[in-house]
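Heavy atoms only: backbone and side chains are in, while hydrogens, waters and symmetry mates are out.
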Amino acid sequence: MNNRSKSLVFILLFGFICTLNASATYWNRVINLEGMWRFSIGDNEQWASPDFDDSDWDFIQVPSDWDDYYEGYNGFGWYRKEFEVKYLPSHEQMAFILGHIDDVDEVYVNGEKIGQSGVFPPEYESAYDVSRIYKIESDLLKIGKNTIAVRVYDGALNGGMTGGVDIGLFYDNDMALVDMDMSGIWKFSIYRQSGMYDYEYDDSKWANIEVPGIWEEQGFPDFNGYAWYRTKFTVPDNMLNRQIYLVLGKIDDLDKVFLNGKFLARTEDLKGNEPFFNSQTRNLYRVYEISENDLKKDNILVVEVKDNMGQGGIFEGPVGLMHPANADILIQRNADLNPDSPFFIDSPVRWIFREIFRF
């Protein structure tokens, strides 16, 4: 096979790999929010209130382009929907999954803001291609009637809650496996610092960042390259002197992990990963074993991330510590959700590459 033919086949195969099923977190939908919502063009902060009377607003289908209803309209619009909660899971991580929203949005539940993607004018920055997953604390919801309000700004072309995934309130089965939750605010820097792997290092001048979360949406737009995360954590006694697994969710693109100043693991240590699949490592759960002697009562964790292009960071959970039995469930669950993943040793895609390129 000549070089030109190989290049054409590579392009076709790369497109095939990029379309392989790579399901996100193991979510279960408890409330379906697809269907007719109340809608109004314009912008008014009072529209976030659950007490606001929207009875004279129009109806609009969610998901859909609002241009199907308001052809050519660019600007602000608000969506509102009332929904009923019959029960609240006591232990699962809950989130509103709203799919793609074109271009910028912020979301309110019962009057409280739970998340935002993109930047509103005048510093306008679109997030039309970002899937909206907004975690919510159970105490913001109540048994009975609840209200969700979504403020949207469309800068050009089509606009609105355009979908792309099932829309609703979900709970996260993967987070239920976490024995110690480590998600939340970590320290973050795009500059390598001397001594940053040490517990006593002063990171007070580092930025705060939500983990998991895309760093482009947290003050680092269009940044590609290396960045570092730091967090201190204290473990309960029942996790000491035994085998424990560190779970870092999914990372875009590559990572190296340091625990208490000592190198622990990197992306290439994950079973089945090979260098020519590095463009797809964002779909892998990071599950790293911690030996009995490496975990202390008080610990410092540093994660070095290299983002090659596009979005970057520790972008999807779960994040935390797991006992071996739960880690095994997470690994198997990921395999079940990604049966055609190119990362497994018996992958047919790997065989095709070897036949063409003689790896």
Please indicate whether Ile185 has more than 12 foreign heavy atoms, meaning atoms of other residues, nucleotides or ligands, lying under 6.0 Å from its CD1.
yes
Taking salt bridge (charged side-chain N to carboxylate O under 4.0 Å, His left out) as the test, write out the residues that go with Asp252, two or more places apart.
Arg282
Show every salt bridge (charged side-chain N to carboxylate O under 4.0 Å, His left out) that has at least one partner inside residues 226-240, sequence neighbours left out.
Asp203-Arg230, Asp237-Lys297
Partner residues of Trp228 under the ring pair (Phe, Tyr, Trp, His ring centres under 6.0 Å) criterion, sequence neighbours left out
none
Output every pair passing side chain to side chain donor-acceptor pair (under 3.5 Å) with a member in residues 49-58, not counting sequence neighbours, ordered by first then second residue.
Asp53-Ser55, Asp54-Arg80, Asp58-Tyr70
With sequence neighbours excluded, residues passing ring pair (Phe, Tyr, Trp, His ring centres under 6.0 Å) with Phe263
Phe258
In terms of side-chain heavy atoms, does Asp298 have a donor or acceptor partner in Thr234 at a distance below 3.5 Å?
yes
Might you point out which heavy atoms bring Asp307 and Glu216 nearest each other, and give the distance in Å?
OD2-OE2, 3.8 Å
Neighbour count above 12 (heavy atom, 6.0 Å) for Asn241 CG:
no
By salt bridge (charged side-chain N to carboxylate O under 4.0 Å, His left out), which residues pair with Asp105, not counting sequence neighbours?
Arg132
Could you tell me which residues satisfy ring pair (Phe, Tyr, Trp, His ring centres under 6.0 Å) with Phe220, sequence neighbours excluded, listed by chain and number?
Phe188
Under the salt bridge (charged side-chain N to carboxylate O under 4.0 Å, His left out) rule, collect the residues that match up with Asp102, sequence neighbours excluded.
none
Residues that Lys135 engages under salt bridge (charged side-chain N to carboxylate O under 4.0 Å, His left out), provided they are two or more places apart
Glu210
Sorted by chain and number, sequence neighbours left out, side chain to side chain contact (heavy atoms under 4.5 Å, CB included) with Glu106 holds for Tyr108, Lys113, Gln116, Phe120, Arg151
Minimum heavy-atom distance between Trp78 and Asp43, given as atom pair plus value
NE1-OD1, 2.9 Å
Do Asn293 and Ser291 have a side chain donor and acceptor closer than 3.5 Å?
no
Pairs in or reaching into residues 128-170: which pass ring-ring contact (aromatic ring centres under 6.0 Å, His included), with residues at least two apart or in two chains?
Phe76-Tyr153, Tyr124-Tyr153
If you look only at pairs with a residue in residues 140-149, which of them pass as a side chain to side chain donor-acceptor pair (under 3.5 Å), with sequence neighbours excluded?
Asn110-Asn146
Say you draw a straight line from CG of Leu98 to OH of Tyr79; how long is it, rounded to the nearest 0.5 Å?
11.0 Å
Geometric cation-pi criterion, Lys187 with Tyr229: 6.0 Å, 45°
no
Assign the ring pair Trp206 / Tyr201 to parallel, tilted or perpendicular, where the plane angle (0 to 90°) is split at 30° and 60°.
perpendicular
